[in-house]
Amino acid sequence: MKYGLLKFGSYETNVGDYMQLAGIMRAYKRLGITEEEIIEIERNQLSLYDGEYVILPMTAAFIAVHGTQPFPLSEKIIPIFIGFFTADESIAIEIAKYEKFGPFGCRDLVTMQMMRNQGVQAYMSGCLSICFEKRTETPKNGKVYLGEPPEKLREYIPREYMENAVELPKAYRAMKDCGYSDDNANMAKQYARDLVTELKNNAKLVITRRLHLALPCVGMGIPVILAHECDSGLVEECRFAGLDKIIRVYKPTEYDAIDWNPEAPDIEWVKEKAIQLAMDRIVEAKNHWGGVCELSDYYESTEKQIFYSGMRASYLSENQKQYFISNAWKMERTAFEYIVQKKFEDMHLVFYGAGDKGKWAIRRYYDYIRRIADFSLVDGDSNKQGKRISEVLADSEWDLNTVGNFVIENPQIIKNINRKNLVVVVTCDRYYSGPGALIGNILIREYGLREGKELFFLDKLNYSMDMHMSSTSAPFYFLHGF
């Protein structure tokens with residue numbers, strides 16, 4: 001069993017996300033958990049995780065954004081909900097489904113009340129970004145740092161502060177690549193480390209509107225002026241609910257009453273409580289789930305082979321199906337990409353089986369196939385060489401009722417395809433039948449494919465997406481529009 005840390009590697013990474021991990025990292029260190037026992041999992045890819053069982057503190061903001069939902073969680077994740085935030089009721093409903101892993105430790109009072117409204121036990125754990133170590137001495141010639149203060153506030157800042165103030169870069173950092181990447185995550189983590197070191201050694205005062213700049217500074221013993229930039233924005237204000245016990249939050253109507261020489265509050269006992277709570281929850285999760293997961297992991301690591309698992313076997317759980325069904329943007333393509341964990345444009349899609357089901361599968365996915373880089377139709381009885389899909393579809397007279405223009409290739413080509421892009425779908429009759437099991441076991445044993453990674457069975461895809469293909473007649477959903 002492993003211990004987890006969230007990582008955040010999107011194109012515009014919020015450095016504040018990494019500040020929230022401070023308490024978890026200190027808890028792991030005190031518990032003697034080594035770096036070898038810790039793995040990182042991207043917040044918006046939690047559904048796709050398929051490594052060792054992992055205890056994962058869910059210390060982050062969870063907001064519903066199209067295409068980046070972290071729920072449902074992988075069954076390999078044992079979540080600890082502590083110090084998390086959401087302002088989205090749909091997310092709160094999803095989180096409440098994990099009541100058996102509760103109680104839910106919330107970052108702010110609004111999140112706490114939102115979770116209680118779901119009928120689950122929730123409490124205010126506060127934000128673990130306060131858990132940085134307190135500095136031992138104050139810099140003699142300290143600087144004033146401006147961390148994106150509200151524009152309206154600038155006219156109130158004393159002139160002597162503004163003359164030599166240091167402007168910090170924006171909390172949202174444009175990263176190297178578009179979308180998620182390890183490079184983005186590493187750049188954001190390094191920036192957060194450098195920022196903490198800079199402020200700890202040189203700051204005499206920080207003026208900001210950023211919650212996760214203010215709280216780490218308070219934890220390090222740095223005086224902070226935290227100024228809100230609107231009087232009534234609920235989403236903005238709820239982030240501070242309850243945290244004003246630690247630091248005063250000035251609203252625009254209070255700018256003229258700001259104390260420009262504040263002292264850092266003494267919150268060492270609060271930090272210790274937060275770290276101890278994190279340690280207790282981690283140990284509790286290990287004691288409760290550790291033996292179960294380790295025993296299951298032992299059996300799950302058996303040599304992979306194809307087993308019969310019933311007529312309605314599926315790659316999606318009932319909970320995951322409900323997730324796709326309940327979203328207005330649900331499309332078959334979305335479900336397929338979710339299951340295979342690859343974008344159609346990045347795939348080399350291989351249909352194994354040139355019989356009736358293979359033909360129907362091509363028709364079913366034709367609109368997607370013609371947009372991807374590579375497509376192959378293979379069959380164990382063929383010795384022919386294949387063509388790229390761009391060549392195959394060059395003939396505008398292609399008949400949708402046949403596969404005559406698709407060259408049937410030898411399955412040996414699979415060995416030459418980059419595994420990162422490979423998706424093999426076995427299209428013969430039911431996957432657990434003689435032919436299906438035979439092909440599946442060959443692909444697993446001789447080709448080294450892993451079901452759920454590079455290898456999939458059409459029947460199980462159908463049941464995953466609740467679209468069933470008959471083995472004797474064309475599926476009804478092909479008839480419309482042709």
Side-chain angles (χ1 to χ4, degrees), residues 1-10 13-62 70-71 73-85 98 101 105 107 125-133 175 180-197 212 216 219 271-272 274-298 300-301 341:
M1 177 171 251
K2 295 291 188 179
Y3 298 89
L5 283 174
L6 292 172
K7 64 179 177 179
F8 317 88
S10 61
T13 297
N14 184 355
V15 178
D17 287 331
Y18 285 97
M19 300 297 191
Q20 298 176 75
L21 302 179
I24 302 301
M25 292 187 288
R26 291 192 68 181
Y28 281 163
K29 185 176 181 180
R30 290 191 187 183
L31 289 171
I33 295 171
T34 64
E35 290 186 10
E36 290 73 23
E37 298 175 273
I38 299 174
I39 59 175
E40 293 182 308
I41 308 175
E42 214 282 326
R43 171 181 53 190
N44 294 327
Q45 297 181 352
L46 298 179
S47 299
L48 307 180
Y49 174 73
D50 190 31
E52 292 185 49
Y53 281 97
V54 58
I55 294 172
L56 181 63
M58 303 288 282
T59 307
F62 296 105
F71 301 101
L73 300 176
S74 162
E75 295 178 355
K76 293 295 190 75
I77 291 175
I78 308 300
I80 300 175
F81 289 93
I82 183 171
F84 77 96
F85 162 80
Y98 297 91
F101 298 107
R107 194 179 81 184
S125 62
C127 184
L128 298 185
S129 64
I130 66 171
C131 294
F132 286 91
E133 292 185 15
M175 294 293 129
Y180 173 80
S181 76
D182 285 332
D183 284 346
N184 291 353
N186 291 333
M187 289 171 66
K189 283 188 288 185
Q190 186 59 53
Y191 176 78
R193 287 192 291 265
D194 293 343
L195 178 60
V196 167
T197 300
H212 291 114
K271 288 163 56 176
E272 285 302 310
I275 295 170
Q276 187 60 53
L277 174 61
M279 293 170 61
D280 291 345
R281 294 292 304 274
I282 293 165
V283 171
E284 178 186 7
K286 173 65 174 178
N287 291 340
H288 187 83
W289 297 100
V292 174
C293 294
E294 288 169 11
L295 183 60
S296 183
D297 210 28
Y298 168 76
E300 290 178 51
S301 63
Q341 303 176 29

Worked verdict on F8 versus Y18 for ring-ring contact (aromatic ring centres under 6.0 Å, His included): CA-CA 8 Å; F8 317 88; Y18 285 97; 5.1 Å; yes

Evaluation steps, ring-ring contact (aromatic ring centres under 6.0 Å, His included), between F62 and F71: CA-CA 10 Å; F62 296 105; F71 301 101; 5.5 Å; yes

Are D194 and Q190 close enough, and set up right, to give a side-chain hydrogen bond (donor to acceptor under 3.5 Å, both in side chains), and what steps lead you there? CA-CA 6 Å; D194 293 343; Q190 186 59 53; 2.8 Å; yes

Decide yes or no on ring-ring contact (aromatic ring centres under 6.0 Å, His included) for W289 and Y53, but give the supporting numbers first. CA-CA 10 Å; W289 297 100; Y53 281 97; 9.5 Å; no

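Residues L277 and R281 have side chains in contact (heavy-atom distance under 4.5 Å, counting atoms from C-beta outward).
Here the straight-line distance linking atom OH of Y49 with atom CG of L56 works out to 9.0 Å at 0.5 Å rounding. Between the CG atom in L21 and the OG atom in S129 there is a gap of 10.0 Å [rounded to 0.5 Å]. To the nearest 0.5 Å, atom OG of residue S74 and atom CD1 of residue I41 are 7.5 Å apart. Distance check, rounded to the nearest 0.5 Å: CG of L6 to CD of Q20 gives 9.5 Å. Atom CG of residue D50 and atom CD1 of residue I77 lie 10.5 Å apart, to the nearest 0.5 angstrom.
For D17 and K7, the salt-bridge test fails: no basic side-chain N is under 4.0 Å from an acidic carboxylate O. K2 and E40 are not joined by a salt bridge, as no carboxylate oxygen comes within less than 4.0 angstrom of a charged side-chain nitrogen.
There is no side-chain donor-acceptor pair under 3.5 Å between Q276 and R30.
The distance between the ring centers of F81 and F101 does not fall below 6.0 angstrom.
Of all heavy-atom pairs spanning L31 and M279, the tightest one is CD2-CE, 3.9 Å.
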